[in-house]
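Accompanying notes for the structure given below.
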Amino acid sequence: MTNGASGVLLVVETRDGAIRDTSRELFGIGRTLASETGGSLAAVVLGSGLDAAASEAAALGADRVLVADAPELAAFTVDAYAKAVDAAIDATGPALVLLAGTTGGRDLAPFLATRRDAAYLVDCIRIGRQDGAWVGTRPVYQGKVLTEVRAAGDGLTFATIHAGAFEAPELEPGRTAETTPLELSFAPGEIRVTVKDLVQAEAGPSNLEQAEVVVVGGRGLGEAANFKLAEDLAAVLGGAVGATRAVTDLGWRPHYEQVGQTGKTIAPKLYIGLGVSGAVQHTVGIRGSETIVAINRDPDAPIFKMADFGIVGDVQEIAPKLTEKLRAVRGG
Amino acid sequence: MKIVVLVKQVPDPNAVRFDPRAGDIQSGTPQVANEYDLHAMEAAIQIKEQQGDVEIVAVSLGQARETLNRCLAMGADRAIVVEDAALASGDSAVTAKALAAVLRAEGFDLILVGQETSDGGTGSVGPALAALLDVPVVSNVVALEKQDGRLTVQREIEDGRQVIDLAPPAILCALSGLNEPRYPSLKGIMAARRKPTEAKSAADLGLADDAAQSRVSWGQLFVEEETAEGIILKDVDADSAVDQLVAFLQERKLV
């Protein structure tokens, strides 16, 4: 890459022809960073059936929209998506490629950065330019602490953006951008994996997404049987029970109760986390909650940073007392 | 068939505490095997148990003797460790380049690795290796079956689970939903003592002098000032904490 590269290229993922929320969140920060390079904001929109998504990218502030619309891009594969983004990089020559920190973005960015021998800043909650270098802030040690990561900025750089770190800009209806299709043809065998099916998460009997109160149990509950603590508390509050990915992975609870990036997104009036540490995977799914209460033994658990009310202590001792007290209050 | 499992030894995530004076985690934090890597290891052993003619090689970069011993006791046939401090402290691109050198020398049909580590947690090594070694990668793997020389894997994504068919050679990045890693048996621990662990240096791998040069640097660790006006009770007895919480919920008209 030349030192003269400028501008930002956004990698925009879609679902059912609409831009994903996590990709919408790239546009505001992308615009800011593009001006810092003295360049423009381009977006490559990926998927299948993208007329609406392409207009939306313009309405969100892209100066130039490249549309990678192909049946091969209907389902995510590294091979197909990398080919499309690669072509978009060649067409736009950006200083920075921004991707959402989705499962796909977190695959694509290191894959492409490695192929192009470029620097890659992972999972940034903040990102900016300082004296020509790209400086990001990212959570490490499972979100317990932050660090500043820095890349020289003397060539093409990649960055993924932490879900929820930036707000999507307001749509400007009627705003247009130079929109061009990205011509792609895939040779047989070029996409080395075949996506045969997408199994939707089982909806299950849970009403998690509608419930006004959600009690989520995490691995800090200690064992599957202790989920009774979450069930009892949810029952007295008339709420639903949810689980973290660690818990569903362990098989303590069904997948349809999982809340987080690869589970359900919830926005209850009251969220109570029992033994939930607050890993990023989980917190992106609860940030719409109006009031967040956390009970956890670990004072450094990241959940306490977003909690309105937290108790550092033994959840197995505190949860039954809380249920009992609430039962008395509500009964009386 | 040869399966290479990439493992890392990390500070025990349950014991990690921030030391504000050092701008780092507390020194002397006990080290453990990165959890996702143990699921990758277990997946390799299950393939071997199913089809027999499999060699499993556990590979690590940095201090990892205990973790590699654990892998050998679980069922790996041998281990390779690259104990090069400069490489081990590099960014994930450096890690990937060093591991790629091992993998090229070693050869492989399948590479299994944890989705991410609990320390740096970039989740980048699998996809970066795919680029360096020119093999397909599937991340976030929660199910894996090998049949008639092909692999069927399930990949957990935002919309559900992709069911994917592919042929080795390939790289798969494991999540903990994939399996339940076994504890080493006494017999396994005894057997591990006779299994070889080979140490390699950067020179052995033919890595250039600049191979340890990171493109991305890390600063000191820090925590954000508590911005939320959240009430956090510490060292308060359970009854009093519950009373305060209930009062808080009543004030917000949530109960």
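Note that the structure is predicted; figures quoted are calculated from it, not measured.
Listed by first then second residue, pairs satisfying side chain to side chain donor-acceptor pair (under 3.5 Å) with a partner in residues 22-31 of chain B number zero, not counting sequence neighbours.
Proximity to chain A (any heavy atom under 4.5 Å) is shown, for V236(B), by neither the backbone nor the side chain. In this structure, the portion of L249(B) lying under 4.5 Å from any heavy atom of chain A is its side chain and not its backbone. A128(B) touches chain A through backbone and side chain together, each having a heavy atom under 4.5 Å away. There is no contact between D123(A) and chain B, counting heavy-atom distances below 4.5 Å. With a threshold of 4.5 angstrom between heavy atoms, D239(B) approaches chain A through its backbone and through its side chain. At a 4.5 Å heavy-atom cutoff, the contact between Q258(A) and chain B is made by side-chain atoms alone. Heavy atoms of Q220(B) lying under 4.5 Å from chain A belong exclusively to its backbone. Using a 4.5 Å cut-off between heavy atoms, D314(A) makes no contact with chain B at all. For E116(B), the part lying under 4.5 angstrom from a heavy atom of chain A is the side chain only. Only the side chain of R219(A) comes within less than 4.5 Å of a heavy atom in chain B; its backbone stays farther off. Of the two parts of L178(B), neither the backbone nor the side chain holds a non-hydrogen atom closer than 4.5 Å to a non-hydrogen atom of chain A.
Ranked by heavy-atom pairs shorter than 4.5 Å toward chain B, the options D79(A), D308(A), T265(A) are led by D308(A). When the candidates I318(A), T157(A), L322(A) are compared by the number of heavy-atom contacts under 4.5 Å with chain B, L322(A) comes out ahead. Of all the listed residues (E148(A), E212(A), R15(A)), the one sharing the greatest number of non-hydrogen pairs under 4.5 Å with chain B is R15(A). Here R106(A) is the residue among E324(A), R106(A), R115(A), E317(A) with the most heavy-atom pairs under 4.5 Å with chain B. Comparing I295(A), V78(A), T291(A) by heavy-atom pairs within less than 4.5 Å of chain B, the highest count is held by T291(A). Counting heavy-atom pairs under 4.5 Å between each of L270(A), I311(A), T248(A), I292(A) and chain B puts I311(A) at the top.
Residues satisfying the side chain to side chain donor-acceptor pair (under 3.5 Å) test with T122(B), not counting sequence neighbours, are S124(B). Judged as a ring-ring contact (aromatic ring centres under 6.0 Å, His included), and not counting sequence neighbours, the contacts of F309(A) are F248(B).
Using a 30° and 60° split on the angle between ring planes, Y141(A) and W218(B) fall in the perpendicular class, above 60°.
The shortest distance between side-chain heavy atoms of D197(A) and Q162(B) does not fall below 4.5 Å. The closest side-chain heavy-atom distance from T262(A) to I157(B) is not below 4.5 Å. Two residues are said to be in side-chain contact when any heavy atoms from C-beta on lie closer than 4.5 Å; E180(B) and H39(B) fail this criterion. With a 4.5 Å cut-off on side-chain heavy atoms, V4(B) and L112(B) do not count as touching.
Within residues 134-147 of chain B, the residues having any heavy atom closer than 4.5 Å to a heavy atom of chain A are D134(B), V135(B), P136(B), V137(B), V138(B), S139(B), N140(B), listed by residue number.
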